[in-house]
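Data block below; observations after.
Just the heavy atoms: all of them, side chains too, but no hydrogens, waters or symmetry mates, feed the values below.
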Amino acid sequence: MHDGTLYSIGELARRTGLSVKTIRLYSNRGLVVLADRTAAGYRRYGPDALARLALVRTLRELGLGLEVIRQVLDRPSTLGRIAAEQAAALDVQISVLRLRRVVLSAVAGRAPTLQEAELMHRLATLSETERRRLIDGFLDAVFEDTDTPQAAVRRSMTPELPAEPSEEQLAAWLELAELVLDDAFRSAVRRLAHAYTQGTAQPPRPDVVAVARELAGPTMTAGTAPEAPQAEPVVTALLTRYAPAPGHRENAAPGHRPYADPAAWLLRRLESARDPRRDRYFQLLALINGWPAPEPVTPLIDWTVTALRAHTSAA
């Protein structure tokens with residue numbers, strides 16, 4: 001029913017901002033009800049057409065299709081359910097688009113080969129189970145045949161990508177996944193793990209980086225040069241704390257002789273731990289897991305190595 005006021009399709013177009021062609025399409029689809037026709041056959045619409053067209057326009061801007069909109073207009077009670085379904089579908093689309101953006105940004109920044117770009121896309125789209133399998137394989141390779149207590153260490157090295165990660169977390173996962181697939185990086189981390197066990201006859205040595213951070217960190221942070229006299233007590237403390245036990249042998253080739261010089265022994269330990277990729281792994285890990293960003297250890301190791309060489313006979 002209407003109050004007798006009728007609008008031509010041109011008048012509806014002027015009032016709603018929609019084109020005549022669009023209104024005619026909506027009318028043909030049953031979204032706008034025709035009220036009458038003139039003797040010449042021209043369409044006439046009642047006042048309710050203005051309200052319906054406004055609703056149709058809103059729903060179209062929200063991304064709903066014409067058939068879905070027709071269902072809503074026929075049964076207004078379905079709007080909530082349909083909106084929820086559309087929102088869920090948009091969530092999926094947004095996740096896919098964010099993922100594509102991350103991969104494309106990585107490709108644009110690195111200019112990889114086609115094979116590398118394919119790998120990046122595959123790593124970015126792994127399921128949670130596949131991601132876990134990849135990381136478990138990396139950690140299994142790192143800690144194989146070591147006496148390192150693994151449970152806590154593995155947890156501290158395991159990325160847990162959230163169900164709804166940010167683009168930064170997705171990009172971090174992509175870079176970390178590429179890193180753990182790098183054979184050179186795996187070998188380097190494996191050497192570090194073996195460096196702390198020293199064979200079954202010896203207890204694991206303390207973490208060389210942790211010891212250096214405790215003893216050398218404050219002096220380095222204070223701005224003391226590693227060659228300065230003030231660094232010599234740090235070197236003495238390091239050698240006392242981390243010197244190998246008498247007769248201790250490296251986990252190297254059979255028959256490898258122990259270092260007679262504790263400074264040379266410690267120097268080798270530090271240099272084996274000096275790998276910027278290790279810093280990068282833990283930076284990426286913290287970003288993925290939402291942890292505080294760790295301090296890089298490479299500058300600390302560099303300072304400690306220089307101090308050892310300046311205040312001992314180690315080369």
Side-chain angles (χ1 to χ4, degrees), residues 1-112 114 116-128 130 161-171 173-174:
M1 299 294 292
H2 56 79
D3 60 5
T5 303
L6 296 176
Y7 301 102
S8 68
I9 196 169
E11 181 65 19
L12 284 181
R14 285 189 293 273
R15 287 174 174 264
T16 62
L18 298 170
S19 69
V20 170
K21 181 179 179 180
T22 298
I23 295 175
R24 185 177 293 113
L25 171 65
Y26 291 169
S27 181
N28 292 339
R29 293 290 188 90
L31 303 180
V32 182
V33 180
L34 185 66
D36 198 3
R37 283 185 182 270
T38 67
Y42 293 111
R43 305 177 191 219
R44 291 292 183 266
Y45 298 90
D48 62 319
L50 289 172
R52 287 176 72 91
L53 284 172
L55 178 57
V56 171
R57 184 173 188 169
T58 296
L59 296 176
R60 286 293 287 160
E61 290 176 350
L62 289 173
L64 274 64
L66 294 182
E67 180 58 29
V68 174
I69 292 174
R70 189 186 61 78
Q71 296 175 27
V72 171
L73 294 175
D74 291 345
R75 291 177 297 168
S77 62
T78 65
L79 178 57
R81 175 182 59 79
I82 290 174
E85 292 172 353
Q86 293 290 314
L90 281 175
D91 285 340
V92 174
Q93 294 177 32
I94 289 170
S95 297
V96 171
L97 289 173
R98 287 171 55 214
L99 185 61
R100 289 177 182 172
R101 176 184 172 86
V102 167
V103 175
L104 288 172
S105 297
V107 170
R110 303 184 208 174
L114 291 177
E116 290 170 338
E118 182 181 1
L119 173 63
M120 291 162 64
H121 180 264
R122 182 164 58 83
L123 292 174
T125 55
L126 292 178
S127 67
E128 181 180 356
E130 290 169 330
L161 196 65
E164 297 183 4
S166 65
E167 288 190 17
E168 291 77 12
Q169 287 174 311
L170 283 172
W173 159 254
L174 180 58

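We find the CZ-OG distance between R110 and S105 to be 10.5 Å, quoted to the nearest 0.5 Å. Considering CZ of R29 and CG of L25, their distance stands at 5.5 Å, rounded to 0.5 Å. For the atom pair CD of E118 and CG of L123, the computed distance is 10.5 Å after rounding to the nearest 0.5 Å. To the nearest 0.5 angstrom, L34 atom CG is 9.5 Å from L6 atom CG. One finds the OG atom of S19 at 12.0 Å from the CG atom of L12 (value rounded to the nearest 0.5 Å). Rounding to the nearest 0.5 angstrom, the gap separating the CZ atom in R43 from the CG atom in D36 is 13.0 Å.
Sorted by first then second residue, the salt bridge (Lys or Arg N to Asp or Glu O under 4.0 Å) pairs that include residues 74-86, not counting sequence neighbours, are R70-D74, R81-E85. Residue pairs meeting the salt bridge (Lys or Arg N to Asp or Glu O under 4.0 Å) criterion with at least one member in residues 13-25, sequence neighbours excluded: E11-R14, E11-R15.
Heavy-atom neighbours of E164 CD from other residues, nucleotides or ligands within 6.0 Å: at or below the threshold of 12. The environment of CG in L114 is sparse: at most 12 heavy-atom neighbours from other residues, nucleotides or ligands sit within 6.0 Å. Atom CD of E130 sits in a crowded spot, with more than 12 heavy atoms from other residues, nucleotides or ligands closer than 6.0 Å.
For the pair R44 (side chain) and T38 (backbone), a donor-acceptor distance under 3.5 Å is absent. Panel note: side chain S27, backbone I23; no donor-acceptor pair is recorded below 3.5 Å. Panel note: side chain Q169, backbone S166; a donor-acceptor pair is recorded below 3.5 Å.
Side-chain atoms of L66 and R60, non-hydrogen and from C-beta on, do get closer than 4.5 Å to each other. Residues L126 and W173 meet the side-chain proximity criterion, which asks for heavy atoms closer than 4.5 Å. Contact of the L170 side chain with the V103 side chain is not registered, since no non-hydrogen atoms from C-beta on lie closer than 4.5 Å. A heavy-atom distance below 4.5 Å is not found between the side chains of L53 and R57. V56 places none of its side-chain heavy atoms less than 4.5 Å from the side chain of L18. Side-chain contact between L59 and V68 is absent, with no heavy atoms from C-beta onward closer than 4.5 Å. Looking at heavy atoms from C-beta onward, L50 lies in side-chain contact with Y7 at the 4.5 angstrom threshold.
Taking all atoms of both residues into account, the shortest heavy-atom contact from G10 to V20 is CA-CG2, 4.3 Å. The shortest heavy-atom contact between Y45 and V33 is CD2-O, 3.4 Å. Here the closest heavy-atom approach between residue L174 and residue A124 is recorded as CD1-N, 4.2 Å. Counting all heavy atoms, side chain and backbone alike, V107 lies closest to A117 at CG2-CB, 4.2 Å. The two residues G30 and R52 make their nearest non-hydrogen contact at O-NH2, 3.8 Å.
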Stepwise side chain to side chain contact (heavy atoms under 4.5 Å, CB included) check, L97 with R101: CA-CA 6 Å; L97 289 173; R101 176 184 172 86; over 6 Å; no
